[in-house]
Amino acid sequence: MTLQEEAQQIQDYLDIECSENPEEILERIRAIMPYISRTAFMLAEAKKALRRKKASEISNTIINIAKEQCLSAKVQNTLIDSIAEEEEEAYLVDWLDRLNAAATHQVDALCSILSYERENLRITKTGY
């Protein structure tokens, strides 16, 4: 399975709405926790692939530009960034970064909902 396919699976799961049922919330937290770790690893892998792609493109571009000695270092760096930004790897890096953050925020939100439900249960049992 490619990183893109796995990222899509995680995206699909995170897009599912959760009920206020405490058991479902706990199950969802348990399911999302490994996604946080996994997306962090996937992000690192995507960044490695992006760096590799940039290095390859940079090498070819810089060699050609250096031979002509017509552009400043700043212009050369801007050129390199524009080459790399158009690549699929840059998109994957951004997507995985956001997936990792979304999973983390979703767990935080689910913990808050769970606390709210526990407090409602306590109030219902005690009357205040």
Side-chain angles (χ1 to χ4, degrees):
M1 178 180 305
T2 67
L3 287 177
Q4 288 92 342
E5 292 168 341
E6 190 172 357
Q8 188 60 56
Q9 275 187 337
I10 294 169
Q11 180 76 52
D12 293 343
Y13 184 79
L14 293 178
D15 287 343
I16 297 170
E17 287 189 33
C18 184
S19 74
E20 294 178 2
N21 179 336
E23 291 301 319
E24 184 180 342
I25 293 170
L26 286 173
E27 181 57 36
R28 189 160 176 90
I29 290 170
R30 286 187 198 104
I32 292 174
M33 292 303 293
Y35 285 158
I36 295 170
S37 172
R38 181 66 186 149
T39 55
F41 174 76
M42 291 167 66
L43 178 59
E45 288 294 308
K47 284 183 176 182
K48 182 170 76 173
L50 179 60
R51 281 191 301 272
R52 193 176 302 130
K53 182 73 172 185
K54 279 184 177 181
S56 173
E57 291 293 331
I58 288 169
S59 295
N60 295 335
T61 305
I62 295 297
I63 288 170
N64 291 335
I65 291 173
K67 286 178 182 176
E68 296 178 21
Q69 297 179 351
C70 61
L71 300 176
S72 69
K74 184 172 182 167
V75 172
Q76 290 177 24
N77 287 337
T78 303
L79 177 62
I80 290 165
D81 287 341
S82 69
I83 291 168
E85 286 173 5
E86 294 177 15
E87 298 299 328
E88 187 67 25
E89 290 85 353
Y91 170 75
L92 183 59
V93 166
D94 291 340
W95 184 19
L96 288 169
D97 180 53
R98 298 318 317 144
L99 270 180
N100 184 264
T104 302
H105 294 310
Q106 199 167 110
V107 166
D108 291 343
L110 289 168
C111 286
S112 295
I113 292 168
L114 188 59
S115 294
Y116 175 79
E117 292 300 323
R118 283 184 185 152
E119 184 63 17
N120 277 346
L121 183 59
R122 185 190 68 76
I123 290 171
T124 302
K125 285 185 177 182
T126 62
Y128 57 87

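These values consider heavy atoms only, across backbone and side chains, with no hydrogens, waters or symmetry-generated copies. Since the structure is predicted, the reported quantities are computational estimates derived from the model, not experimental observations.
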Legend entry - Minimum heavy-atom distance Ile10-Thr39, with the two atoms named: CD1-CG2, 3.7 Å
Legend entry - Closest heavy-atom pair and its distance - Ala103, Ile32: O-CG2, 3.5 Å
Legend entry - Pairs flagged by ring-ring contact (aromatic ring centres under 6.0 Å, His included) wherever residues 98-124 is involved - sequence neighbours left out: none
Legend entry - CZ-CG distance between Arg98 and Leu43, expressed to the nearest 0.5 angstrom: 10.5 Å
Inset, instruction - Identify the heavy atoms of Ala31 and Pro34 that sit nearest to each other, and give their distance. - result: O-CD, 3.3 Å
Inset, instruction - Using distance alone, with no hydrogens and no angle criterion, decide if Gln4 and Trp95 have a side-chain donor and acceptor under 3.5 Å apart. - result: no
Inset, instruction - For the residue pair Cys18 and Glu24, establish whether any side-chain heavy-atom pair is separated by less than 4.5 Å. - result: yes
Legend entry - Neighbour count above 12 (heavy atom, 6.0 Å) for Glu117 CD: yes
Legend entry - CD1 on Ile113 to CG on Asn120, rounded to 0.5 Å: 12.0 Å
Inset, instruction - Rounded to the nearest 0.5 Å, what's the gap from CD1 on Ile16 to CD on Gln11? Could you check? - result: 11.0 Å
Legend entry - Pairwise side-chain contact, Leu96 with Leu92, heavy-atom cut-off 4.5 Å (strictly under): yes
Inset, instruction - Taking all non-hydrogen atoms of both residues into account, name the closest pair between Leu14 and Ala102 and its distance. - result: CD1-CB, 4.3 Å
Inset, instruction - State the CG-CZ distance between Leu99 and Arg38, to the nearest 0.5 angstrom. - result: 12.0 Å
Legend entry - Qualifying side chain to side chain donor-acceptor pair (under 3.5 Å) pairs with a residue from residues 27-37, counting only residues at least two apart or across chains: Arg28-Gln106
Legend entry - Distance-minimising heavy-atom pair for Glu23 and Asn21: N-OD1, 2.8 Å
Legend entry - Nearest-0.5 Å distance that lies between atom OG1 in Thr104 and atom CE in Met33: 8.0 Å
Inset, instruction - List the atom of Ala40, the atom of Asn100, and the distance in Å for their closest heavy-atom pair. - result: N-ND2, 3.3 Å
Inset, instruction - Find out if a path of hydrophobic residues (ILVMFWY) with successive side-chain heavy-atom gaps under 4.5 Å connects Tyr13 to Ile36. - result: yes
